Amino acid sequence: MAKIHALKISNFRGIKQFEQIFGNENFICLIGRGDSGKTSILDAISFVLSPNWNLAFFDTDFFNCEVENPIVIEASVIEPPEYLLQDNKYGMYLRGLDSKTNVIHDDIQEGQDDVLTIRLTVTKDLEPLWEVVSNRQEPIEIKSSDRASLNVFLVSDYIDRHFSWSKGNPLYALLQQSETQVDSANVIINEMRKAKGQIDGSNGFNYLDETVNKIMVSAANLGSDISGTTTTIDAKELNIKDGKVSLHDGNIPFRLKGKGSKRLISISIQTELAKSGGILLIDEIEQGLEPDRAQHLANILNKSNSGQIFITTHSRDVLVELEAHNLFRMKKNETALFSFTSELQGCLRSNPEAFFAERIIVCEGSTEVGFCRGINKFRIGLGKDNITLKGIRFANGMGSTQVEYAEGFKTAGYDVCIFCDSDVTAINDKKTSLRAKGISIIDTEVNNSFEAQMFLDLNWTGIEELIKYRMTFKDLEHIKAQVSKHHSTSLIENALTIDTPEIRQSLSKASTEKDKDWFKRTDHGEHIAEVCCRNMEFFKGKKLNFQIEALNKWIDNA
């Protein structure tokens, strides 16, 4: 089964230099912000392994339109079709892959995997040249028919041709794989000849006879006998118009179907090709599909494919169906992709949106996520830049996995901040090493949870607002009963209206009791942020004020 082991790109569109080893990965999902180069990678693969001989290139395909620097794309393919390895083909250019080190050697050693490296070069004359390369000898040109044997097809916005039977299209390639003994090179044209014969014998164009008769009379008057004239299909069109034979749904051609349906049909054709070895490229797999169909498609392709599949996506619904090792992140102007570790698998399921960001605040829990969301809303109300403009997303660290998530995102090239408590020793012990890795930390005072810090620092008017907010879910007597369990004396009637250090401590402990958490929901956190931001001038110099300012500063990237 042909599969891309490594890819090199130079001076192609927005990519100056790029090199990536995919190894044995069969399903590769490229993610990243818009204009990061994901689609260019798919196009580069489709170009270097294209079954066509006449691809059109333009000055705009060169990096910065600098046509003096040639486009060079190399794909090192493992397990190529056997016939390409014959000596009279490209066997003398065979290279060897050491699967333990992922290094390709020109001097083949026993036990190494077969590799063919195919190079596409485009100079300023805009004429593409495809070659098989090896450092042992001069490159040799590779024919389009040999590249076609790799079965590489791209699903993009321009797939109408995928439903015709002309050469170079996936339907034609699938026909060549058919077990039925047919002359695949001529089967379409032969059928068209039969159709022409039937039209010739049926006089199917008799409604044109009146006009033809006028021409025959006129020609006779001029001395030319064309009395045998008929109207039928010109045979010369048969060889160049095989693309006119296409799939139909009843009388309606597939090209008139909706975008989602067309893409699914195109993918179904190409997955059949991939069963015997092929490389399928799908740009924005979710396009035109409902979330459930996008999820189903991603799941099926990932778990049932027998070829190699590259996709790009901006859909959370697609990501939740994948494994972390399937993801490769493209960042603008980077020379390679960032990969993801298995430690982020849980985060991928619970926070898929975060993977599309550039910068991530990993929050300890849902309260902190809501608090950050509330700060963003408050910023918007003040006319400040919102987090989306800043490329930021919040991720729920789920408490115990917060550090793992932060480290995983940092390894994948994200700018990372942790918003956490300081009442968990396991997290406190790692803060120094996290900062050394370039991860920003915004935390509470030692031994404080976020709620404890809030009840210690927030002005009393703000605390009363939060008590009233709590009363929309539980009545006052229930709240007093919870608070009294942590108070040294019985609460008097108006105890929750009097500001004392002990009341603040009791409120803090009551609000964080297991199974009775007052604010452990995202919407609760948003309300807390609204109250805190509105009252900031009344608790200046407090840690809570510093936390809010630090979050705003990190969001502004100051």
Side-chain angles (χ1 to χ4, degrees), residues 3-10 12-49 73-78 102 152 154-156 279-286 294 297-299 301-303 305 307-349 351-360 391 393 395 405 407-416:
K3 183 165 60 176
I4 296 174
H5 170 79
L7 180 70
K8 293 182 182 180
I9 304 172
S10 298
F12 180 60
R13 296 183 181 167
I15 299 174
K16 176 62 176 174
Q17 294 290 337
F18 175 88
E19 184 172 354
Q20 181 67 37
I21 294 175
F22 296 105
N24 287 318
E25 194 64 58
N26 289 331
F27 193 94
I28 295 101
C29 177
L30 304 180
I31 62 173
R33 303 295 278 184
D35 296 323
S36 60
K38 305 182 300 297
T39 299
S40 293
I41 292 174
L42 294 194
D43 284 341
I45 294 172
S46 71
F47 286 175
V48 69
L49 302 179
I73 305 170
E74 281 188 8
S76 292
V77 178
I78 59 175
N102 275 332
V152 179
L154 172 66
V155 178
S156 63
I279 300 169
L280 177 58
L281 313 170
I282 310 174
D283 195 18
E284 296 191 22
I285 189 172
E286 69 277 6
L297 177 60
N299 182 286
L301 291 180
N302 185 27
K303 295 182 178 178
N305 86 87
Q308 188 181 37
I309 296 177
F310 291 78
I311 71 169
T312 69
T313 187
H314 294 99
S315 169
R316 69 174 308 281
D317 302 301
V318 171
L319 288 199
V320 296
E321 295 297 326
L322 306 181
E323 304 294 327
H325 66 84
N326 296 133
L327 302 187
F328 292 82
R329 178 175 178 243
M330 183 61 176
K331 195 174 178 181
K332 193 169 185 177
N333 299 323
E334 290 290 341
T335 59
L337 300 170
F338 292 94
S339 57
F340 293 83
T341 61
S342 59
E343 283 76 17
L344 284 174
Q345 188 60 49
C347 191
L348 182 61
R349 294 285 185 267
N351 300 278
E353 298 91 347
F355 288 75
F356 298 114
E358 290 179 329
R359 308 169 63 213
I360 299 174
R393 189 74 191 186
Y405 290 179
E407 290 177 327
F409 280 124
K410 188 64 180 179
T411 300
Y414 296 87
D415 188 10
V416 180

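FYI, side chains are in, hydrogens and waters are out, and symmetry mates aren't considered; it's all heavy atoms of this structure. All values reported here derive from a predicted model rather than from experimental measurement.
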Please report the closest heavy-atom contact between [X] and [Y], naming both atoms and the distance.
X    : Y    : result
L49  : A75  : CD2-CB, 4.2 Å
L322 : V318 : CG-O, 3.5 Å
A412 : R329 : O-NH1, 3.0 Å

Counterpart residues, salt bridge (charged side-chain N to carboxylate O under 4.0 Å, His left out), relative to [X] (two or more places apart):
X    : value
D283 : none
E25  : none
E323 : R349

Partners of [X] by side-chain hydrogen bond (donor to acceptor under 3.5 Å, both in side chains), sequence neighbours excluded?
X   : answer
Q17 : S10
K16 : N11
K3  : N26

Go through the structure and list residues passing side-chain contact (heavy atoms from CB on, under 4.5 Å) with A354, not counting sequence neighbours.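 Testing A354 for side-chain contact (heavy atoms from CB on, under 4.5 Å), a comparison that skips the adjacent residues, returns N351, I360, R393, A395, F409.
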Got a sec, which residues hit side-chain contact (heavy atoms from CB on, under 4.5 Å) with F356, two or more places apart in sequence or on another chain?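 Checked F356 against side-chain contact (heavy atoms from CB on, under 4.5 Å); matches are I31, T313, L319.
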Quick one, [X] and [Y] - any side-chain contact, counting heavy atoms below 4.5 Å?
X    : Y    : answer
K303 : N299 : yes
I309 : N302 : no
F18  : E334 : no
I285 : T312 : no
R13  : S40  : yes
Q308 : H5   : no
I41  : L337 : yes
L154 : I45  : no

Going by salt bridge (Lys or Arg N to Asp or Glu O under 4.0 Å), name the pairs with one or both residues in residues 310-322, residues two or more places apart or in two chains. R316-E353
All pairs passing salt bridge (Lys or Arg N to Asp or Glu O under 4.0 Å) where residues 336-348 contributes a residue, at least two apart: none
Pairwise ring-ring contact (aromatic ring centres under 6.0 Å, His included) hits with a residue in residues 316-343, at least two apart: F22-F328, F340-F355
Got a sec, which pairs hit ring-ring contact (aromatic ring centres under 6.0 Å, His included) with one end in residues 23-46, sequence neighbours left out? none
Could you check whether atom CG of N102 has more than 12 heavy atoms from other residues, nucleotides or ligands sitting under 6.0 Å from it?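 Buried by this count: over 12 neighbours within 6.0 Å.
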